[in-house]
Student: 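First the structure, which I've put down as structure tokens, then a few questions once you've had a look.
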Amino acid sequence: MIEAKELTKDFGKFRAVDKVSFKVEPGELFAFLGPNGAGKTTTIKMLSGLLIPTAGEASICSVSVTNNPVEAKKYIGFVPDEPNVYDKLTLREFLDFVADIYQIERQKARQIAKEYLKIFELDDRQDDLMQGYSHGMRQKTNIIAALIHDPQVLFLDEPTVGLDPRSARLIKDILKELAKEGRTVFMSTHILEIAEEMADRVGIIQKGQLKFIGTVEELRQGQGKEGSLEELFLQLTASDADKELISHLRG
Ligand code: ATP
């Protein structure tokens, strides 16, 4: 469903993503983890056709994102880490606009959006200009907009940042449900409890290189250690300087 083959991105002389390869299958909920600046957003943007790779290839539902971006984007929903909206549009106008872009009948799109608007308590704010929306409302708006064309694959870059506990719970439940229905959910997060609770598999990227891909249990076996995903993650991604400091602190 999602395939990255030696996906690489250079910004000038700096290599942000270095020959990353993996597959994520239909019905899978996949969490993409890594320290700040590791290359998560860059990878997600290449997979969803927002950034052209320097080398390698991304494909979605067997369609090459690089060679056939318009076709591939029909299968993709994308929720960015920065929930930007069109300030001068109302939510209703925005969702109609998104439906038009995807060439979906507005009535059909409104029907899909209706339930999400209710769940997210935005149904009575649909005719307000989005310039007055809070961060959380913008985030929810972006999620609804990403689902309006009923995508097979959903990319979310840190979807729960800035959301209140109830909204975060709702989003987690929606994502689990989408995966249960056979869609592929690919999300980045720094909240390792979320990844541990929800993800079928995790991928860990550091300095542009994929360090691990598999289940949390496989990570435990590989690290030869029991413990939470947080402990395993910190151990896997610790630099030599971190290890020295830790051993120094432990005496
Ligand atoms: P975070 O967890 O902090 O959001 P991330 O894993 O999503 O980080 P990316 O945003 O993918 O990291 O960035 C990876 C690296 O690429 C970083 O060193 C970043 O500075 C660099 N980078 C990203 N976009 C650009 C750009 N447009 N121009 C130059 N460098 C960039």
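Every number for a ligand or one of its atoms is a count from 1 in the order of the listing. Values below: all heavy atoms of this structure, side chains included; hydrogens, waters and symmetry mates excluded. For reference, positions follow the sequence shown, starting with 1.
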Student: Starting from atom 16 (O) of ligand 1, find the nearest protein heavy-atom neighbour and note its residue, name and distance.
Tutor: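 Scanning the protein heavy atoms, the shortest distance from atom 16 (O) of ligand 1 goes to Ala16 CB, 3.3 Å.
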Student: In the protein, what heavy atom is nearest to atom 9 (P) of ligand 1, and what distance, to one decimal place, separates them?
Tutor: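 Nearest neighbour among protein heavy atoms for atom 9 (P) of ligand 1, to 0.1 Å: Thr42 OG1, 3.5 Å.
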Student: Can any side-chain N or O of Lys23 pair as donor or acceptor with the backbone N or O of Met1 at less than 3.5 Å?
Tutor: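 Answer holds: no.
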Student: Among Arg201, Lys176, Lys180, Arg183, exactly one meets salt bridge (Lys or Arg N to Asp or Glu O under 4.0 Å) together with Glu28. Which residue is that?
Tutor: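 Answer after filtering Arg201, Lys176, Lys180, Arg183: Arg201.
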Student: So which heavy atom in the protein is nearest atom 10 (O) of ligand 1, and how far is it from that ligand atom?
Tutor: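 Checked against all protein heavy atoms, atom 10 (O) of ligand 1 sits closest to Thr41 CB, 3.6 Å.
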Student: Is Phe11 close to ligand 1, meaning an N/O of one under 3.5 Å from an N/O of the other?
Tutor: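 No, no N or O pair falls under 3.5 Å.
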Student: Output yes when a side-chain donor or acceptor of Ser59 lies under 3.5 Å from a complementary backbone atom of Ser62, and no otherwise.
Tutor: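 No: the side chain of Ser59 does not pair with the backbone of Ser62.
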Student: Which ligand 1 atoms are under 4.0 Å away from a heavy-atom of Gly39?
Tutor: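 Atoms satisfying the 4.0 Å criterion: 5 (P), 6 (O), 11 (O), 12 (O), 14 (C).
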Student: How far apart are the closest heavy atoms of Ile104 and Ile148, and which atoms are they?
Tutor: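 Taking every non-hydrogen atom into account, CD1-O, 3.7 Å.
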Student: Which of the atoms in ligand 1, numbered in the order shown and given with their element, are less than 4.0 Å from a heavy-atom of Lys40?
Tutor: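 In order of numbering, the contacting atoms are 1 (P), 2 (O), 5 (P), 6 (O), 7 (O), 8 (O), 11 (O), 12 (O).
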Student: We want to know whether Glu57 and Ser64 form a side-chain donor-acceptor pair, criterion being a heavy-atom distance below 3.5 angstrom.
Tutor: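 Yes, a side-chain donor-acceptor pair sits under 3.5 Å.
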Student: Any non-hydrogen atom of His190 lying under 4.0 Å from ligand 1?
Tutor: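 The answer is yes, since His190 has a heavy atom less than 4.0 Å from ligand 1.
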Student: Using a strict cut-off of 4.0 Å, indicate which atoms of ligand 1 neighbour a heavy atom of Phe14.
Tutor: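 Answer, ordered by atom number: 15 (C), 16 (O), 18 (O), 21 (C).
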Student: Determine, counting only non-hydrogen atoms of the protein, whether one lies under 4.0 angstrom from atom 27 (N) of ligand 1.
Tutor: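 Flag for atom 27 (N) of ligand 1 set to true, protein heavy atom closer than 4.0 Å.
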Student: If you measure every N/O of Asp81 against every N/O of ligand 1, is any gap under 3.5 Å?
Tutor: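 Checking ligand 1 against Asp81, no N or O pair falls under 3.5 Å apart.
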Student: Give the atoms of ligand 1, by number and element, whose distance to some non-hydrogen atom of Ala38 is under 4.0 Å.
Tutor: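 The list of qualifying atoms is 5 (P), 6 (O), 12 (O).
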Student: So, for atom 19 (C) of ligand 1, does the protein have a heavy atom nearer than 4.0 Å?
Tutor: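 Within 4.0 Å: no protein heavy atom nearby.
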Student: Would you say the ring centers of Phe155 and Phe78 fall short of 6.0 Å from each other?
Tutor: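 No, too far apart.
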Student: Have a look at Glu158, Lys45, Lys207, Met46 and point out the one with the heavy atom closest to atom 4 (O) of ligand 1.
Tutor: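 Nearest option to atom 4 (O) of ligand 1, by heavy atoms: Glu158.
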Student: Begin from the C-alpha positions of Lys45 and Asp81 and carry the test salt bridge (charged side-chain N to carboxylate O under 4.0 Å, His left out) through to its verdict.
Tutor: CA-CA 11 Å; Lys45 283 187 175 170; Asp81 53 348; 5.8 Å; no
Student: Under 3.5 Å, side chain of His190 to main-chain N/O of Asn36, donor-acceptor pair present?
Tutor: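 No.
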Student: For the 3.5 Å polar cut-off, considering only N or O atoms, please tell me whether Gly34 and ligand 1 meet it.
Tutor: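 No.
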Student: To the nearest 0.5 angstrom, please state how far the CD1 atom of Ile101 sits from the CD atom of Gln103.
Tutor: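 One finds 10.0 Å between CD1 of Ile101 and CD of Gln103.
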Student: Which word best sums up how the rings of His149 and Tyr102 line up, parallel for under 30°, tilted for 30 to 60°, or perpendicular for over 60°?
Tutor: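 Plane angle under 30°, so parallel.
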Student: Against heavy atoms of Asn36, which atoms of ligand 1 measure under 4.0 Å?
Tutor: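 Taking each heavy atom of Asn36 in turn, ligand 1 has 1 (P), 2 (O), 3 (O), 8 (O) under 4.0 Å.
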Student: Just go through Gly12, Gly37, Pro35 and tell me whose heavy atom is the nearest to atom 14 (C) of ligand 1.
Tutor: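 Result: the heavy atom closest to atom 14 (C) of ligand 1 is in Gly37.
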